[in-house]
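Read through the structure below, which is laid out as structure tokens, and then see the notes.
All heavy atoms count here, side chains included; hydrogens, waters and symmetry mates do not. Quantities reported herein were computed from a predicted structural model and do not represent experimental measurements.
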Amino acid sequence: MRPSIIAAILAAAAVGTIAQADGNHGEAHAVLPSDAKDGIPADTDIRMVHVHRRGAQVTFSMETGGTAGTTIPAETGTLAGAGAQAYVWPLSLDPSAVGFETGSGTLALVATAHPDFDDTPLFDENGDGDLGNDGAGWHSHWVVLSPNDGCGEGMLSVKDIPEGATPELPATWPGLPLYIDSPGFSPVLNGKEVSLTVPLRPEPLAFDGVTAGLKVNANIHAPLLCVTDVFDIASGDLSLPGKLD
């Protein structure tokens, strides 16, 4: 990911593609189309990003060229170097909209799966009575992304929390030294589409769509969780051109 893309994601630039809304943001729908790509797994090839608001509930959807959720990292049995697969909706909203420190970075909603660790300690997603073995199933996070050359020049990471720092964090923060929230919203994977419905204040927002791979640092130290592979970006440049009024 080039530094120019980093600048774009940090900007709040937004030009709506398709949007319909009433005057008080009660219901709105926006669509961001994306061209087909060659040479990437079909389930990472973004064809369309939809965002729909109904009252205080917003549904984020991503249509792909294949069966959504097919690609999951192989289990390695160790946290160090563990991989994660993710569908990501970067947003223009300030991270404080979901309980993070104001101005801390770029807020993103994520649907992800990672078989080597469980970062949703409050929830038993697979229903087996064990709260600590659900990472391989698709689940949700709010994260704050920030540029981090420790992940490679021009790359992003989930923002680290330095030792001793006490930033504002959501109530369902899972206790990791990261700007990450585990709110327990369940992704829905249906054929070629993955979607997440979350509560948000009814305010305008700009959005994009990304499919990506992440990896835990081999020394389990800051940067702890890096974006290592970007398979597809709906806009092509992370300019957040989708706009929900």
Could you measure the distance from the CG atom of Leu145 to the CE atom of Met155? Nearest 0.5 Å is fine. 11.0 Å
Look at the side chain of Asp149 and the backbone N and O of Glu153, then say whether any donor-acceptor pair between them is shorter than 3.5 Å. no
Evaluate the salt bridge (charged side-chain N to carboxylate O under 4.0 Å, His left out) criterion for residues Arg47 and Glu63: first the C-alpha distance (whole Å), next the side-chain angles of each, then the deciding distance (0.1 Å), finally the verdict. CA-CA 5 Å; Arg47 301 296 178 85; Glu63 295 178 22; over 6 Å; no
Report yes or no: does Ser146 contribute a side-chain atom to a donor-acceptor pair with the main-chain N or O of Gly105 at less than 3.5 Å? no
Does the side chain of Trp173 reach to within under 4.5 Å of the side chain of Ser182, using non-hydrogen atoms? no
Spatial distance of atom CG (Leu200) from atom CZ (Arg53) [nearest 0.5 Å]: 8.0 Å
For the residue pair Asp208 and Ser235, confirm or rule out a side-chain donor-acceptor distance under 3.5 Å. yes
Under 3.5 Å, side chain of Asp229 to main-chain N/O of Leu214, donor-acceptor pair present? no
State, with a plain yes or no, whether a side-chain heavy atom of Pro177 is found less than 4.5 Å away from one of Leu224. yes
Closest non-hydrogen atoms of His50 and Val31, given as atom of the first, atom of the second and distance, are ND1-CG2, 3.6 Å
Report yes or no: do Ile40 and Ile72 belong to one cluster of Ile/Leu/Val/Met/Phe/Trp/Tyr joined by side chain heavy-atom distances under 4.5 Å? no
Tell me whether His139 contacts the main-chain N or O of Thr112 through its side chain, where contact means a donor paired with an acceptor under 3.5 Å. yes
Of all heavy-atom pairs linking Phe60 and Val51, the shortest is CD2-CG2, 3.6 Å
Report yes if the side chains of Phe185 and Thr197 come closer than 4.5 Å at any heavy-atom pair, otherwise no. no
Under a 4.5 Å cut-off applied to non-hydrogen side-chain atoms, are Leu79 and Ile220 in contact? yes
Could you walk me through whether Asp94 and Thr102 pass the side chain to side chain contact (heavy atoms under 4.5 Å, CB included) test, one step at a time? CA-CA 6 Å; Asp94 189 88; Thr102 299; 3.7 Å; yes
In terms of hydrophobic clusters joined by side-chain contacts under 4.5 Å, are Phe231 and Leu109 together? no
Compute whether any side-chain donor of one residue and acceptor of the other, for Gln57 and His52, lie under 3.5 angstrom apart. no
Euclidean distance, Leu91 CG relative to Leu240 CG, rounded to 0.5 Å: 7.0 Å
Where is the tightest heavy-atom contact between Leu238 and Val210, given as atom of each residue plus distance? CD2-CG2, 3.5 Å
Tyr87 (side chain) donor-acceptor with Gly69 (main chain) under 3.5 angstrom: yes
Cluster link Leu196 to Val194, ILVMFWY, side chain under 4.5 Å: yes
Supply the atom-to-atom distance Leu107 CG to Ser92 OG, rounded to the nearest 0.5 angstrom. 9.0 Å
With a 3.5 Å distance limit and no angle check, can you tell me whether Thr64 reaches the backbone of Lys192 through a side-chain donor-acceptor pair? yes
Applying a strict under-4.5 Å side-chain criterion to I, L, V, M, F, W and Y, I'd like to know whether Trp138 and Val49 cluster together. yes
For a quick test of reading the model, state the closest non-hydrogen atom pair linking Ala113 to Pro73 and the distance between them. O-CD, 3.8 Å
Nearest-0.5 Å distance that lies between atom CG in Asp245 and atom CD in Glu203: 12.0 Å
Do side-chain atoms of Ser195 reach the backbone of Ser61 as a donor and acceptor pair under 3.5 angstrom? no
Any donor-acceptor N or O pair under 3.5 Å, side chains Asp232, Thr44: no
Can Thr71 and Asp43 be counted as having a side-chain donor-acceptor contact under 3.5 angstrom? yes
Main-chain N/O of Glu168 paired to Glu101 side chain as donor or acceptor, under 3.5 Å: yes
Establish whether Leu244 and Val198 are linked, either directly or via other cluster members, by ILVMFWY side-chain heavy-atom contacts under 4.5 Å. yes
Is any side-chain heavy atom of Val158 closer than 4.5 Å to a side-chain heavy atom of Val144? no
Compare every heavy atom of Val88 with every heavy atom of Ala108, then report the nearest pair and how far apart it is. CB-CG1, 3.8 Å
So, are Asp35 and Lys37 salt-bridged, with charged N and O less than 4.0 Å apart? no
Answer yes or no: is there a side-chain heavy-atom contact under 4.5 Å between Met62 and Thr211? yes
For the residue pair Pro95 and Trp142, establish whether any side-chain heavy-atom pair is separated by less than 4.5 Å. no
Check: Leu169 and Pro167 side chains under 4.5 Å, non-hydrogen atoms: yes
Measure from the side-chain N and O atoms of Asp160 to the backbone N and O of Pro162, and report whether any donor-acceptor pair falls under 3.5 Å. no
Inter-residue atom distance Leu156.CG - Cys151.SG, 0.5 Å rounding: 8.0 Å
List the atom of His221, the atom of Asn217, and the distance in Å for their closest heavy-atom pair. O-ND2, 3.3 Å
Do Lys159 side-chain atoms and Ser104 backbone N/O form a donor-acceptor pair below 3.5 Å? yes
